[in-house]
Novice: 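I'd like to ask some things about the structure below.
Nothing here was measured: the structure is a model prediction, and the numbers come from that model. Residue numbers start from 1 in every chain, and the chains themselves are labelled A, B, ... in the order their sequence lines are given, proteins ahead of strands.
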Amino acid sequence: MTGMRAYYISRALLSVGFGVLFVLGGASWWVGILIAAVAFGWFLLAPRIGRYSVHPERGVTALQRDERSQMINDKAARNAFVICMLAVAGVALYHHSLALSSVPTAVLEGILVLGAAVYYISDFLLRRASS
Amino acid sequence: MRLRNDLKQARLKRNLTQETLASMVGVTRQTIIAIEKEKFVPSVKLALELSQALDMPIGKIFRLESDQGGTS
């Protein structure tokens, strides 16, 4: 991967930023270092896994989704959005039927986690189906 | 109607690897694999870029086939 210096430098800075953010958020310094290392590891791997087309001439935005990746990303995001909306509607109706005043925050956090899971599972399955 | 293609044959005729063809048209190798296996239908733009990269008319690479098997 020649000519990718701008990409790697920017991602190294971003990884350090992630680590610092965790430390400032109350995590211990070694968790910060671990987060930064994992993030940078992902950024090192990203140009090689075939998920993105590589355009070194674009500098810091050297990795781009091609049209197949973009289509998969759009479908996965749509699936996650629909599931989240249905879950929110279901939870709201359930709480309304029980005459409860509000939906607990923990339930909404759970729905966000569900949305993220649907996104990544959809992404994985769609990639498998079209390769 | 179904879109069929002879991308693999056209690519091999030019002695190009999937990786090379992918970098010529700015997509990933996985996308070339998916098109060759007819699991992904490329956009008109990508189909034209592929025909340009392979120096072949688009009709020689992609064709429509009816569900009964006839081409058009």
Novice: Rounded to the nearest 0.5 Å, how far does CZ of A:R68 lie from CD1 of B:I33?
Specialist: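 Here the rounded value is 8.5 Å.
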
Novice: To the nearest 0.5 Å, how far apart are CZ in B:R29 and CG in A:D66?
Specialist: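 The distance works out to 13.0 Å.
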
Novice: Treating Ile, Leu, Val, Met, Phe, Trp and Tyr as nodes and any side-chain heavy-atom pair under 4.5 angstrom as an edge, say whether A:V113 and A:F81 lie in one connected cluster.
Specialist: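 Per the 4.5 Å side-chain linkage, A:V113 and A:F81 are not co-clustered.
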
Novice: Taking atom OG1 of B:T28 and atom CD1 of A:I49, what is their separation to the nearest 0.5 Å?
Specialist: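 If I round to the nearest 0.5 Å, the distance is 10.5 Å.
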
Novice: Can you confirm whether more than 12 heavy atoms, excluding those of A:F22, are under 6.0 Å from its CZ atom?
Specialist: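 Counting neighbours around CZ of A:F22, 12 or fewer heavy atoms of other residues, nucleotides or ligands fall under 6.0 Å, so no.
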
Novice: Given that the side chain runs from C-beta out, which part of A:R127 has a heavy atom under 4.5 Å from chain B: side chain, backbone, both or neither?
Specialist: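 No part of A:R127 comes within 4.5 Å of chain B.
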
Novice: Please say yes or no: joined through hydrophobic side-chain contacts below 4.5 Å, possibly via intermediate residues, are A:M4 and A:I9 part of one cluster?
Specialist: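 Per the 4.5 Å side-chain linkage, A:M4 and A:I9 are not co-clustered.
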
Novice: Side chain, backbone, both or neither: which part of A:I72 has an atom under 4.5 Å from a heavy atom of chain B?
Specialist: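 Contact with chain B: none, neither part.
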
Novice: Are more than 12 heavy atoms, taken from residues, nucleotides or ligands other than A:Q70, located less than 6.0 Å from that residue's CD atom?
Specialist: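 Above 12, so yes.
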
Novice: Is there a chain of hydrophobic side chains (I, L, V, M, F, W, Y, each step under 4.5 Å between heavy atoms) that links A:V16 to A:Y8?
Specialist: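 Different hydrophobic clusters.
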
